[in-house]
Trainee: 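Before anything else, here's the structure in question.
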Amino acid sequence: MSPGQPGQPSVAHLLPPPEVALARSRPRPPFPVAPLLMICLAIGLGGLLLSGTGDPASGSIVRTAVVFIPLIVLLALSFWGGTMARRFRDENTFVTRVEDSARLDHYDSAVPGLVPLLGAAMLSPLHRLRALFVYVMALLRCGRYEEATRAIDQLLEEGVTSGMVPPLKAARAYSLLREDRLHDADRALTELKRLGRDGNFSALAAVAEAYRDVRTGNSDAILEHHAQRCDNVRRQVGRRLADLEAMAAWAHLRKSDLPAAQFHWSRATLLDSPRELVDRYPELNAVAAACPARPVPPETLEVPPQHWRPA
Amino acid sequence: MSPASADIALFRRWNSLGQTVRYTLLAVLIVGSMMLWMPQGIRLVGSGLVILAMLVYVALWMLTLKSARRAAEAPDLIARREYDLAERLLRQSIGGFSLAPINRLGELYNLAVLRQVQSRYAESADLTGFILSARQRTPFEIPARLVRLEAVLELGNLAAAHAELLRLWSFPLPVNESGRLLLAALRYEAAVGAHEHSLAGLPAKLKLAQTLGAEGYAKAHAHLASAARNSNRPDLARWLQDRSDLVAGTTPTL
């Protein structure tokens with residue numbers, strides 16, 4: 001997809017392919033600190049025993065070695081440890097900044113920060129996972145669904161922390177739906193629902209399931225489960241209610257119930273802009289064309305309202 | 001003596017013991033090393049002292065790490081609302097030996113968070129006040145200030161809230177902390193009647209509110225709606241209140 005397309009970050013072309021991002025960012029094997037410390041301790045203890053009982057002529061050399069060799073090694077290790085700790089903190093700060101930009105939907109500033117981060121071996125596997133999560137979200141935001149699916153598959157194969165599995169699987173299901181791989185998406189959703197039963201992630205499953213129903217044209221299922229899905233989402237990620245309301249509007253429109261469609265579209269556009277909703281779910285274009293969006297007070301807009309019209 | 005003062009006294013007692021042990025071990029190590037250059041009999045005693053000091057030091061660090069690992073479970077327990085278990089764990093850690101004062105401050109911070117979720121705001125404010133008065137700069141400074149700000153707001157101490165807000169505004173905060181600060185600032189501004197100030201920079205505040213969970217989102221919008229009503233901007237107030245109602249689950253007036 002070309003950069004600068006409406007609703008997509010203008011820096012989309014900066015994102016590397018998943019294989020490159022994952023391979024380059026992989027952390028190097030850790031420095032063997034523990035064996036070094038053990039050797040140091042062994043030299044120290046051995047020397048101490050020798051210096052206490054050994055030959056008086058060689059005693060002075062041994063004593064000096066006993067005190068100074070471990071001391072020099074410990075000093076070198078603490079200097080190295082201090083440097084590593086500072087680099088570790090800097091990396092964490094950088095990843096947090098990138099995450100924050102992504103959370104605020106500022107992908108134009110998140111992506112330029114992400115590229116150098118994933119371009120070299122990272123220090124911490126956890127920082128790398130957080131950066132790669134933002135990378136996947138950026139790929140989805142840029143409409144590079146096939147690459148996003150590939151990246152998620154590789155990440156899940158490498159192993160991620162348990163808290164990251166449900167959002168990644170939800171992103172995978174959404175990506176598969178956008179790729180039109182409905183059968184795979186259905187399987188991904190089943191897995192996600194199974195996770196949702198154990199953890200507190202049913203909101204993600206609810207939104208992804210509703211979109212599956214849109215893709216398969218199952219407007220009855222959307223309306224049947226709407227209230228229950230809204231309750232799930234309301235307990236966790238309130239803003240995503242906009243997605244469910246918009247999909248309910250789509251279902252009502254398919255059933256030619258225009259007043260109900262307008263009611264739900266008005267609720268959806270109260271929480272999110274029609275442009276954002278149509279970017280995420282192109283099927284909603286018809287709803288945006290048929291139903292008026294809820295007017296937004298001018299003082300709530302960062303930039304003057306743009307004259308966006310549904311296609 | 002309030003329960004928080006008792007916790008602080010316990011913390012101080014064990015902290016000074018840890019400090020004394022640390023300095024004693026260092027002194028033994030230096031004296032033992034110097035004895036290595038003396039005649040044979042004293043040299044033997046020196047070797048013994050150095051070996052003993054090193055072994056004691058390693059053993060105490062192992063004890064410290066074990067205690068820190070146990071205490072690290074407390075935030076998870078608090079998140080899972082297992083308050084009794086978290087309390088027991090934190091009390092054991094605070095009333096136990098540790099060579100790392102920074103870990104102990106972290107345990108005290110977790111205790112302050114626990115008091116906050118238990119609605120024991122006075123204790124939470126006392127504990128965070130003590131953490132912030134520590135001489136060393138700690139990684140808990142910003143979270144502790146946020147907890148203290150929320151606690152003093154609950155207690156209606158607006159002067160203390162104002163002081164904390166001024167300090168927190170001077171830090172570059174990540175989004176999570178900024179969201180919490182936004183909620184607290186909106187509460188403070190509502191309490192002092194600074195409604196126009198609440199509505200300043202509204203687009204950025206709305207963007208930040210979107211990163212909060214559903215409850216925080218609804219609360220932030222309700223505060224902003226109230227500020228808009230009090231500033232005589234009924235259309236904006238209605239729009240904000242409808243957003244709050246929709247996310248909170250009460251029917252908006254569409």
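Chain naming here is simple, since letters A, B, ... match the order of the sequence lines and numbering starts at 1 in each.
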Trainee: Measure the spacing between OG1 of Thr96(A) and CD of Glu177(B) and express it to the nearest 0.5 Å.
Mentor: 9.0 Å

Trainee: Check whether any side-chain heavy atom of Glu99(A) lies under 4.5 Å from a side-chain heavy atom of Val175(B), and answer yes or no.
Mentor: no

Trainee: Quick one: does Arg234(A)'s side chain have a donor or acceptor within less than 3.5 Å of a partner on Ala214(B)'s backbone?
Mentor: no

Trainee: So which heavy atom on Arg294(A) is nearest to which on Asp242(B), and how close?
Mentor: NH2-OD2, 2.9 Å

Trainee: Got a sec: does the NE2 of His197(B) have more than 12 other heavy atoms crowding it under 6.0 Å?
Mentor: no

Trainee: Counting neighbours of CZ on Arg80(B) that are heavy atoms of other residues, nucleotides or ligands and sit closer than 6.0 Å, is the number greater than 12?
Mentor: yes

Trainee: Residues of residues 217-226 of chain B under 4.5 Å from chain A (heavy atom pairs)?
Mentor: Tyr217(B)

Trainee: Measure across Leu104(A) and Thr211(B) and return the closest heavy-atom pair with its distance rounded to 0.1 Å.
Mentor: CD2-CG2, 3.9 Å

Trainee: Can you tell me how far OG1 of Thr300(A) sits from NZ of Lys205(B), rounded to the nearest 0.5 angstrom?
Mentor: 13.5 Å

Trainee: Highest number of heavy-atom pairs under 4.5 Å with chain A: which of Leu202(B), Asn176(B), Val247(B)?
Mentor: Val247(B)

Trainee: Tell me, yes or no, whether the heavy-atom count around Arg229(B) atom CZ, taken from other residues, nucleotides or ligands under 6.0 Å, exceeds 12.
Mentor: yes

Trainee: Does the side chain of Glu299(A) reach to within under 4.5 Å of the side chain of Leu236(B), using non-hydrogen atoms?
Mentor: yes

Trainee: Could you tell me which of Ser178(B), Pro174(B), Gly32(B), Gly216(B) has the largest number of non-hydrogen atom pairs under 4.5 Å with chain A?
Mentor: Pro174(B)

Trainee: Tell me the closest heavy-atom pair linking Gln210(B) and Leu271(A), and the distance in Å.
Mentor: NE2-O, 4.3 Å

Trainee: Can you confirm whether Glu82(B) is buried at CD, in the sense that more than 12 heavy atoms of other residues, nucleotides or ligands lie under 6.0 Å from that atom?
Mentor: yes

Trainee: Does CE in Met84(A) sit with more than 12 non-hydrogen atoms of other residues, nucleotides or ligands closer than 6.0 Å?
Mentor: yes

